[in-house]
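Values below: every heavy atom of this structure, side chains too, minus hydrogens, waters and symmetry copies. Read the numbers this way: they start at 1 and go in the same order the structure lists the ligands and their atoms.
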Amino acid sequence: MLTSKLLKDAAREWGVDLIGIGSVDRWDSAPVENDPRTIMPNAKSVICIGFRIHRGSHRGIEEGTYFSSYTMTGFADLNNIIAPNAQRRVASFVEDYGFEAATVMYHANRFGGGKYNTGRAALNADGTEKPRPDILFNFRIGAALCGVGQIGLNRLLLTPEFGPSQRVYFVITDAPLEPDPIVESPICDGCLECVRKCPAKALSAKEPDDVDVTGVVNIRRCSLDTGKCSIGHYGGISPFAPEEVLAYSKNIVDGSATTCADGSPRPTDDEIVSYLRENVQYTKSAYDFTYGPAVVCAACIRSCLAHLDKTGRLEKKRV
Ligand code: SF4
Ligand code: SF4
């Protein structure tokens with residue numbers, strides 16, 4: 001008989017650092033396009049597996065001397081190699097017991113030219129439209145619903161084991177597995193180091209963006225200016241940015257959501273990303289052999305990790 005313990009013991013053998021299981025009713029209040037049952041209508045459980053991002057892969061960025069390790073081993077390799085291998089083994093294990101297992105990848109729903117929900121809608125039996133493909137559920141909230149961790153004010157998944165430093169992936173199944181409890185003890189203490197250290201001024205505690213998952217968990221989050229975050233994310237204020245790119249980025253970072261610091265209208269998020277992809281060699285190169293996002297910033301991860309370590313809020317010291 002397939003049990004949660006059997007699956008978890010096997011997954012640990014395959015190199016999975018974190019594993020948690022949520023019963024699918026925890027998504028009852030989710031919008032239909034974020035509900036795992038929109039993918040598998042008879043789903044009963046969602047399995048979340050996670051892999052640590054090594055503490056050392058942030059080190060060179062903190063020193064300002066070496067950025068590739070996080071880009072490759074903490075991001076691309078996890079998404080492209082490590083996670084798909086383990087995720088496949090989890091899915092095979094579940095299907096060998098006679099259940100069905102649908103893998104939900106980091107790359108899911110990105111095949112439509114980098115935009116979400118671009119396909120033609122399928123129809124329900126009554127003729128109404130289903131959500132347009134590809135749909136996806138929120139990974140960070142999904143991990144919280146699987147009992148793997150909590151969402152911090154920095155909007156990241158925080159786990160007792162690794163703080164903000166991991167990536168997660170999912171398998172949806174009709175197997176009725178025993179769910180894990182929601183992590184109740186607070187990990188984020190509201191220190192706001194993440195807000196202070198964000199070099200793009202993208203996080204705002206003054207404008208909260210909370211999520212209430214009815215009957216399951218209340219999530220408190222800062223709001224995120226996605227355009228400003230793209231400046232950090234795509235290298236616009238990194239050591240790899242030429243002077244004119246730094247000036248372009250500063251004009252946006254010091255401006256508002258609609259206006260640059262010099263009074264000109266702010267470029268759209270797409271325009272910001274295209275400009276940086278074209279003009280920051282590091283970002284361009286990363287795209288050439290993997291993909292570029294999150295290559296050179298992640299101060300919201302690093303500052304939080306340092307704070308949680310310093311204040312002893314993780315199960316194990318990670319510095
Ligand atoms: S990735 Fe960088 S720019 Fe975006 S919120 Fe985190 S620290 Fe700020
Ligand atoms: S840096 Fe502080 S406020 Fe921000 S998520 Fe971490 S613990 Fe919470």
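- Regarding atom 8 (Fe) of ligand 1, its nearest protein heavy-atom neighbour is Cys198 SG, 2.3 Å.
- Criterion: ILVMFWY side-chain heavy atoms under 4.5 Å apart, direct or through other members. Under it, Leu157 and Trp27 are part of a common hydrophobic cluster.
- Within ligand 1, the atoms closer than 4.0 Å to a non-hydrogen atom of Cys229 are 1 (S), 3 (S), 4 (Fe), 5 (S), numbered from 1 in the order shown.
- Neither Leu224 nor Ile252 shares a network with the other; the hydrophobic side chains, linked directly or stepwise wherever heavy atoms of I, L, V, M, F, W or Y lie under 4.5 Å apart, form separate groups for each.
- Interface of Cys300 with ligand 1, defined as ligand atoms under 4.0 Å from a residue heavy atom, comprises 1 (S), 5 (S), 6 (Fe), 7 (S).
- For atom 8 (Fe) of ligand 2, protein N, O or S atoms closer than 2.8 Å were enumerated as Cys188 SG, with waters left out.
- Val32 and Phe139 end up in different hydrophobic clusters when Ile, Leu, Val, Met, Phe, Trp and Tyr side chains are linked at under 4.5 Å.
- Using a 30° and 60° split on the angle between ring planes, Phe75 and Tyr70 fall in the parallel class, below 30°.
- Atom CG in Leu177 sits 9.0 Å away from atom NZ in Lys8 (nearest 0.5 Å).
- Short contacts between ligand 1 and Ala200, defined as distances under 4.0 Å to a heavy atom of the residue, involve ligand atoms 3 (S).
- By the side-chain hydrogen bond (donor to acceptor under 3.5 Å, both in side chains) test, Arg37 pairs with Asp28, Asp35, sequence neighbours left out.
- Asp134 contributes no side-chain N or O that, together with a main-chain N or O of Asn117, makes up a donor-acceptor pair within less than 3.5 Å.
- Hydrophobic clustering, with ILVMFWY side chains joined whenever heavy atoms are under 4.5 angstrom apart, keeps Ile141 apart from Leu153.
- Under a 4.0 Å N-O distance rule, the pair Lys44/Asp25 does not qualify as a salt bridge.
- Protein heavy atom closest to atom 2 (Fe) of ligand 1, with residue, atom name and distance, is Cys297 SG, 2.2 Å.
- Close contacts of ligand 1 with Ala299, meaning ligand atoms under 4.0 Å from a residue heavy atom, involve 7 (S).
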